[in-house]
Each structure stands twice: as C-alpha cells, then as structure tokens.
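For reference, the structure is listed below as structure tokens.
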Amino acid sequence: MSAPNASAAQIVVENAVVDYVTPSRTVRALDGATLRIPAGQRVGVVGESGSGKSTLGLLLGRLLPSLATATGAVDVAGSPVLELTPAAIARLRRSELAFIAQDAVGSLNPTLRIGRQLSLAMRPAKPAPGELVAMLERVRIRDPERVLRLFPHEISGGMAQRIAIAMAMHRAPRILVADEPTAALDTQVRDEVTRLVFELAREAGSTVLWLSHDLIAVAKWCDRIVVMYGGRVVEDGVAAEVIARPRHPYTAALAASLPARLAPGERLPAITGSPLVLTGPAAGCAFAPRCPFAAEQCSTVRPEPVIRESRGILCHRIDEIPALVAAGATSGETS
Amino acid sequence: MRLLLWLPGRLLGALVVLVGVSILIFAAVRSLPGGYADVILGSLSSPEARAALAEQYGLDKSIPEQYLLWVLSALRGDFGTSMVSQLPVTDEFASRLPLTLGLGVIAIALTVLIGIPLGVYTGTRSTGGRSSVLGRLVSSIGISVPEFVLASVIVFLFSRFALGLRVGNVVSPATDLAASIPTLILPGVVLAVFCIASTARTTRDAVLGVLVEPHVGAAVARGESKGFIIRHHVLRNASIPILTLVATLTAYLLGGAVIVETVFDVPGLGSYLVQALGRRDYAVIQSGVLLATVVFVVMSLLVDVLTGLIDPRVSVAKKGRWA
Amino acid sequence: MIENVLELDQVSTVFRSGWGRGRRELTAMDDITLSVPAGETLGLVGESGSGKTTTGSVALGLRRPTSGTVRFLGRPFDRRRGTAGQIQAVFQNPNWSLNPRLTVGASIAEPLSAAEGGSLSSHEDAVLTMLDEVGLHRSVAERHPHELSGGQRQRVAVARALITRPRFIVFDEAVSALDVSVQAQVLNLIKDLQAQNGFAALFISHDLGAVRYVSHRIAVMRLGEIVELAETERFYDAPEHDYSRRLLEGM
Amino acid sequence: MTGTVAPIPRATAAQAARRGLRRAATTLDPLATVAACVLLAMFAATILARLVGLGGSPTEIVGTRLAAPSLAFPLGTDSLGRSLVPRLLEGIGTTLLLSVIAVAITAVLASTAGIVAGYRGGRVNGTIMRVGDMLYAFPSIILAILVAAVVGPGQVAALASIVLVTVPLMTRLVAVSSRAVADRDFVAAAVISGVSTPRILVRHILRNVAGTIAVQGTYALSIAILVEGGLSFLGYGVQLPGSSLGLLIKEGTTYMVKAPWLIVAPGVVLVIAILCINVIGDSLRDRLEPRETRSLV
C-alpha cells in the first residue's frame, strides 16, 4: 500500500509474511503486509491482538524469535534487513534503529545498577563525566545522581520507561520503534512519557513507528495512522482524518467502540466475534467474518489495496459501503 | 548495606535448621539399638567407663537436658571416642580429612572448569533439532551413571591394564601434596562426573532461561554483539542457580566420597563412616553426619549471601529459604 | 428508599511490614465509606497504588479491614455465614480467570455446586442457560479454556459469577486486558445482565471510558482515600476535585 | 449477541479414547518413547520371570562357579554357580519395585505437604519448608547410612532412605508451583463462591500442579534407583539371598578380575534404567512445564 506521501521511503516493507512455527501449530502474524514510510514521519500503527503490529515492529530490526520464518522484502535505511549478515544487522540496529518495549522494567538488566547499564549501552564510547546525569536529565528524571545508583526493581515503571527512552535516544536513531510503551503505565504518567518520546524524536529527527491500540493517542501525536488487521494493513492515511472519518469497516467499528467517545445513554456498538488467529494465508478479507458489510467475495477473494481520498484502503466493497450505510444496514452488534 | 537488612534473619534461619538437624541426629542416635553408652563407648566397654559416661553426659537427666549437654560438649569440640580405636573422634577425623578434602577440591575444580563452560556453550548454541537431542543424551548419561558403577569400572580398568595411573596406595595431601595428586586423580574424576554433568545441565537451563528474558531482547535490539550480551547480560544473571548447585554439590561431596573412597580404598572420611557403620562405631557416625549437615548449612548460608550480592532483587522480592 | 446491598462504613486497611527501624505502614484504605444499592454499579477509579484493588478484596470479604464495618444486605459481613453464592467476582486476567484443567461447564457450575451442593455435572441445565445468557454457544460447555479466545473466557467468567444469581458482583479490571472491540462486547453484556438480574456491582478500573459507560456513580480513589464520589454524568461534566480533572484530561 | 463459537458435536467415547491415545503418544518425544519402551520391557521381563520362571531359578545352583557367558548361561554364573540371568531379572524387579513404592510414598507426602504449604503460604509454608531444609541438609548416602543404622540394613532401610532423600526437594518444588497456582484468579473466584478448602486444594491446585508432580516423581525415581543401588552396594540395603541391582554390582566387584561379566550386566542394566527415566523426565518437563523458547541470541 503506498503512503499518502510516497517520497523516498526510509522504511519499505513489501508483502511481508511472518509465520510462528511450533511443533503443534503455525500462526501467521503477517499475511502480506506492505508499508512505505518516509524519513521523519510519525506513524501510529494501530491494531488488536493478532493484528501483526508487534511483529511488524520487530521485523524492522529482524528481532523475531527463532521459531519465526519471514519472507518478503524489508528495507530499512537502504539495507535489505532480511538478507544482512548477523554482524551487519547488529550494525544496523546499533546505528539506525532504536526500540522501546512495553515492559520497561523488564528491558533493564535486573542485576546491574542503572548507571552501569547506561554506560554499557554507550560502548564502545566511554561516558564523559556528567554525561550519564545529562542523559537522565534529558528524559526529565529528578535527582539523576541518585537514580544512577539504583537497581531496576527500585524504580517505578514510568521511570524505567524514561531510562529505556534515554538509552534508545542517546544515539539519535534514525528510526524509533515504540511498541505500546505506555500501555502498562498510569494515565498521567502515560501522557508525560508519550510527550517525551515525541519531543526527543523531533529533536533527533527520528522517524517514529508508534505501535498502539490507543486510537486517541495516535490521533493526538501521529501524522499518519496505519490500521492493521489479520496481518495486513487495512487502512492507511492522515491520522486525524482517518480517525474522524474512518472508511474501512474495521477502522469504523474500532473507532465507534471506544466508550470514552460515547454520548451519555448511548449504547456501545460492539464488533461481534474476536480478533482472528490466522494459521495460513487468509482466503479472503480477514475481517469478513466480523464485517457487517461482508459479501460473498469478501471471504473468498483476497482484497488488494485501493486509494480513496489519498488513503490506502483494503476492502472489496469500499465504494458500496456509503450507500449501504445510508440504506440502513447497521454496523456493529447484530443482536 | 542491603545485606545487613536480611542477613540476621538468614543467620537465625540457619541456626534453626542446625538445631533441628542436631535434634534429628540426637533422636536417631538415641533410638539406635544398644543405648547411648554403646553408642559412645561401644558395647564391650567396662562398667566404670559407663558410669563415667553417665555422669559426663547426665544419662540420668531428662532428655532435653541430655540434648543440651551433648550440644555443649560438641561445641567444646568433644565428639566422643571411637569405640574401635579408643581415640577421640576429632583425632580420627583430623587424620582422614585431608584425603577427602583433596578429592573434593579435584572434583569441584573439574566441575567449575568443565561443567560451567560446557553448560554455557550448549545453552547459547541450542537451537533444537538433532544436536540438542544428542546434547541431552550425553548430559543425561553423565548423571545416570552411578558413582559405584563408574568407580568399579575405573578400578577394574586401571588395575587390570597399565594405563599410567595406579589405583590404591593413596598418599595423603597432608604428607606429600605433589605425590598425592596422581593417587587422588582417578577417584576425584569419578566423583566429578556426576557433578560436571549436573552442573552442565543446570547451567544450560539457567542460560536458556536468561536468554528469553526481555532485557536480553533489549540488548539485542540495541545491536550488541552476542559475546557482549553473554558476558554482561547473561552470565551474571544465570549465576545464581549455578552457584546454588555447585554449593550443594560441594556440601554433598562427603556423601559421594562415601562410595568413591570405599571402592578406591581411600582412607578418607567417607570410607571411615562406612567402616564405622559396619563396626557399629556410633560416635563416629553421629559426628560424621553432624559434620556433613553443618557443612551443608554453612554452604547454604554462603550461597544466600552471594545470591544477595549478585541479584539485588533477592533481598526484596524473594523472602529467602530461611527468612 | 433503595436497599443498599453493600455498605462500607469508615473502613480502613493498613498494611504493616518489616520490624524495628525498617517498619513500614501503608494505608491502602483510609476511612472509606461507600454503599452500592441493588441494580446499581459503582465505578471505582484510581491509579495503581490508590487502594482500589484492596477495596475490592475487602468488599469481597477476601481481606479483613483493620477497622470499620462492612455490611452486606444490612448485616455485618461474615463469610462463614451463608454469603456463598450471593457475592461473586470477575477478575482481570482472562488467561488466569478459569482453571485450565476444568471444562468450561464445570467452571461455570462450581459456584452453584458450592452453594447448593451436588456435583459439578449435576447443574448442566443452569450452565446451559448461563451460556445462552452470556451469548456463548452451548457446546462451549465441553471445551477447555485454552480453546477459547480472551473475550470468550471473560464471558465464561461472567457466566460463572452470575449462575448463583448473586446480589453483588465485583468486576476488578474485568475488561482491561481485552482488545478494544471485545471490550465493548463484554461491557454491553455486563450492562444487559445487570438490567435483567438487578445485581449491585462494584466496577474497578483505571479506564475512565469503560467506567463511565457502565457506572451509575463514580468514586475516585487516591492514596487510599476517596477524593470524589458523584453521579456519573455530573462527574464527567463538572469534576470537583483537582485530581479528578487531571484524570479526565488523560482520558 | 450471537454465539461466537461454532458448535461442535459431542465427542463419542471412541473419539475420546482415540484422543487420549494420541495425547499419550504426543506427550513424549521419540527419544523418550524409546526410553519408555525399554523400561516397560524391563518390567515385563521381571514380571514374567516371577510368574512363569523366565530365565530359570535365581537360587538354584546350576553350573560351575564363575562360568563365563555361554549358550546355557547367557550372562555367566556367579560365585556359587547360579545363573546370572534369573538373578538379574529378580534384581531388576526388586530395585524397580522398591523404587516405585518409595517414590509413590514420596509423591503422596510431598504433594500433600507442598500443596498445603503453597496454598496456605505464610507460617505453614515456612514451617514445612524449614523441616524440608533439615532433611535436605543430609547428603543422600549419609542420610541412608543413618537410617540403616537406626532401622537396621534391609529393604525397609532402603525404602525409608529413598523417601527421606526425595521428599524435601519435591515438596519444595510442588510448593512453588502451588503458590503460583494459588495466586491465580480462578482460585480467588472459588474462595469467593464458598468452595471448601479441601475441594480447592484438589480441584484447583492439585490438578494444576500434577505436571510438576509427574516430572519430579520421574526424577525422584532415578534418584531412588541410585540410592537403593548405593545402599545395597555398601551392604546396607537389600540383603542376601535377595537380589537387587546394587547388590549384584557389589558381588561383581568382588570377582571383577576373575569374572568381569558379573559386574557388566547389572551395571549396564542399572545405567540404562536410570538413563531412560531421566530421558522421560526431561521430555515430560519440556511438555508439561514448557518454557518459552524464543531466544534471540
């Protein structure tokens, strides 16, 4: 699916397929995902469990577990990620990429003091005196000298996430992949941490891939939104516009099912069924079993992305849906 | 500093275990056939000696008092007299300890030098498939060959064929250290085989366990090299179960030495204990068992301290075995 | 006057740990007074460490408060005297909410068999009725939890909580671990079932959107205290406490 | 709301049986399946020996002393001229039976103590764990020697030693697993519903730690065989005229130079038995207590 603004892309994912193969079964996490991201863009990738957004994030650094098999083309900052030697991929991770994970405390070595971990992460360079303190001050940690002496279990989740951000950003990475970095944090801290990530990324000129299930935060912070379902990109466009006027039935249903946006007394329109788990390539549109507009071809023919209003959309019936809605077909629950 | 917060509790716990163990041993020895005078003096001792012992240990006193008297005399270093030699048990032990220690040092050195690197190697290179099945089989064989089988086979091979090392005529490290090593190396190796295999297995499991922790994933994502990650983010974290096992094995060496020393005819503490059992020299048995458990409790305490130093979470999250 | 199913009257809970100079006290509930009438849901919001989970376990009788009274149906709470089946709970983690070794049917039947006796399999009719009510196919009764999705498991947990027709249910972050689209289904289910069965509910969550949707009144907890307790609409339109306003901004 | 799960037909008894068989077959990997077959063969041989006298009489003197293996005596004869085959079969039987009985006792004791300790936590847990620590402080052979000194050498000593050696570790591990299960929400839900504590312990805790018990029971069996062997080897376990693998090996060492075959057969059988049990234990552990195998390094 081509980006709305398809200039020289820094990240190119072309028809990526990722399977997790265990002896008992195979789970398909990406089912032909395609995405181009130009440098400097802030992209929110939205999806539920099984959508493949985390896999997509890991794929950019070839960080998939050994039981995963990946095919397709992945190009990050001009390097073909899937073809690199181990040394070359390590170099790419070191020089171009940075990752922030959801479990911030877990991403720190529990047996080392914060200061020691920071200086290990800066190797081969040796931190200059005061540099570590400056790093922590940059992520607005109060009393950094004390924090440097602490162990990970002695700090809060929010502080651990700030330290993870400091580690990720100190090399000014060209691309920052953040996978639900605030999901485990309290509401207030969440906002501060999100702001911090985007500010530091702006200063460093980094491209941001913000993986999230939180549509509202994506609308607030990102230029562009990429909605994933069943391992493919189903809608891709300017964040504010997509969330205000979703076109794909899934995006529309997702936006409608947020209780926070509901007027008092209104009933929450829920999508029936559960997010699917693919075991192989989807025969048709992965959303068809839950889609109120699904027609016969939806479950038998794989849809190809089309461009509407400068958005990429993956839907057979995209042009018929406005008429169907007008005709009174209800979206959401069919009780 | 952090150590001071929980160390008193640990010491107290260790003390509780020691007291419990000593009560167990006291009770066991009291229920031995023949009565306590037989235990300490032997069944052929004179009535005068028995009367003296009854006075010394207060055999007419209540059981708790007798226990206290026994503990107090043990604390003074008085473990009774061997029925067979009529020498103090402490002297008997002192003359045999160097041999058993020598075996133990050889076994633990081999375990640390071979078992741990082997475990790290297989742990960081296990990708499933045929090689992992083979690795599993090899380490399983190591822990499946009982010491008495292996010892018997080695004794047979080395006494039947001229293979360079001799079996028997053991020299104590206390008399001649350099001469003792060649005579102790075979029993030491036999003692080490189980330790090496189980250490390799535990190390491999520990390393594999750390490798799937998120902080290792984070280090990979930062582009760190494999060697760097293993050195800085895996080994230290994996060291606690390894340390615990090596300490436990060390504490249990006296148990292993019982069989190895018997088969190799090494006059150390282990074979002495078996002989004592055969001759019903109960004062020796009682002291030997007490010694073994004291070693274990001390090693456990040592491990707790080291664990607390290696992983700061231990003192907070885990309330420790004895806390 | 509407009957209060559950009342907490000046309830405090203090956790003590350590000894000597290392002694710490943590007040998880500080003089909490609240009541939940039949047919109503009280939403309890707050950040982690605010004491809302402790409040939940006190309301369930899982934890004895340090001081104050908990009344259930007007009488002081005593778990040993026949509250079995009258109080139920739905917890957060869909992976851990059901015993993986039991069939779904057995899990749902358990509270009924505890309250009324009989083996787990003797309540099949009630189980099938509950499955209908929570919108699951009857064949689910014979499945094991690992064969179900997270949303389905949470529906089963709701069915298990409702089978004894309890007077009071605690939902402790019951939808927080679910996907957005599934979360909406379960929230609707809770509302519909409350309309049918008239139970009182305590809905504990850090998700203000979800709380607003299901609750009639909302209590905001912070550091063990209730800083604001108000009708849902008034709370969202005009929060009185500073802390409530800040929480709402983050929504 | 519509049903979100497709209906499945009720499983017939035949289907259930087939599923059970398939699960048994897939629970063990190929290597462990081979190991299980070897162990089963050992059991079968020793049962046949006892029932129909497979291999001949273990007590009858049938040939010359210390005869080398031949067609008549496939494993040779011992120092009294008895054929080694029936003695070996009897020895396998004694060793395995003693170990299985001891481990069964251990499993009952350790499961009960471990589940109660894990579920209750706090002081109950502390007390049980500390008693375990006290037993754990004895090296196994030393503990066995102490037991042999108290109750006198023989099968009872071996049995008691095995139980005392294996109980502490298994109790601890069952307690740790039980603790984890007790923290799960379905246990809290059962408590709230008023389910009785014994029911919770059996229905919710025991059922979920059964995997740990199976794995640790398997490992305990291999330790049991080691302890029995060691104790009999030292002369304080099974006594003559009985037979056990440890006892046979002890006899073998006496005549090792003149008749090495006497030690080879029981030695090999003993090692194979322990190896098979360990392989099965590893396989069970991989299946029943899976650990994420998603290493990136």
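Sequence lines set the chain letters: A, B, ... in the order given, protein chains first and strands last, and positions in each chain run from 1.
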Inset, instruction - Taking atom types as modelled, find out whether C:R160 and C:Q88 have a side-chain donor-acceptor pair closer than 3.5 angstrom. - result: no
Inset, instruction - Among the options C:H206, C:E233, C:Q183, pick out the one with the most heavy-atom pairs lying under 4.5 Å from chain A. - result: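 Greatest number of close heavy-atom pairs with chain A: C:E233.
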Legend entry - Residue selection (most heavy-atom pairs with chain A, distance under 4.5 Å) from C:G151, C:S48, C:G49: C:S48
Legend entry - chain A contact via C:S181 - which portion, at a heavy-atom distance below 4.5 Å: both
Inset, instruction - Answer yes or no: is there an ion pair linking A:D236 with A:R311, defined by an N-O contact shorter than 4.0 Å? - result: no
Legend entry - Partner residues of C:E47 under the salt bridge (Lys or Arg N to Asp or Glu O under 4.0 Å) criterion, sequence neighbours left out: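 Residues passing salt bridge (Lys or Arg N to Asp or Glu O under 4.0 Å) with C:E47: none at all.
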Legend entry - Inter- and intrachain pairs under ring pair (Phe, Tyr, Trp, His ring centres under 6.0 Å), touching residues 207-228 of chain C, at least two apart: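 Found none.
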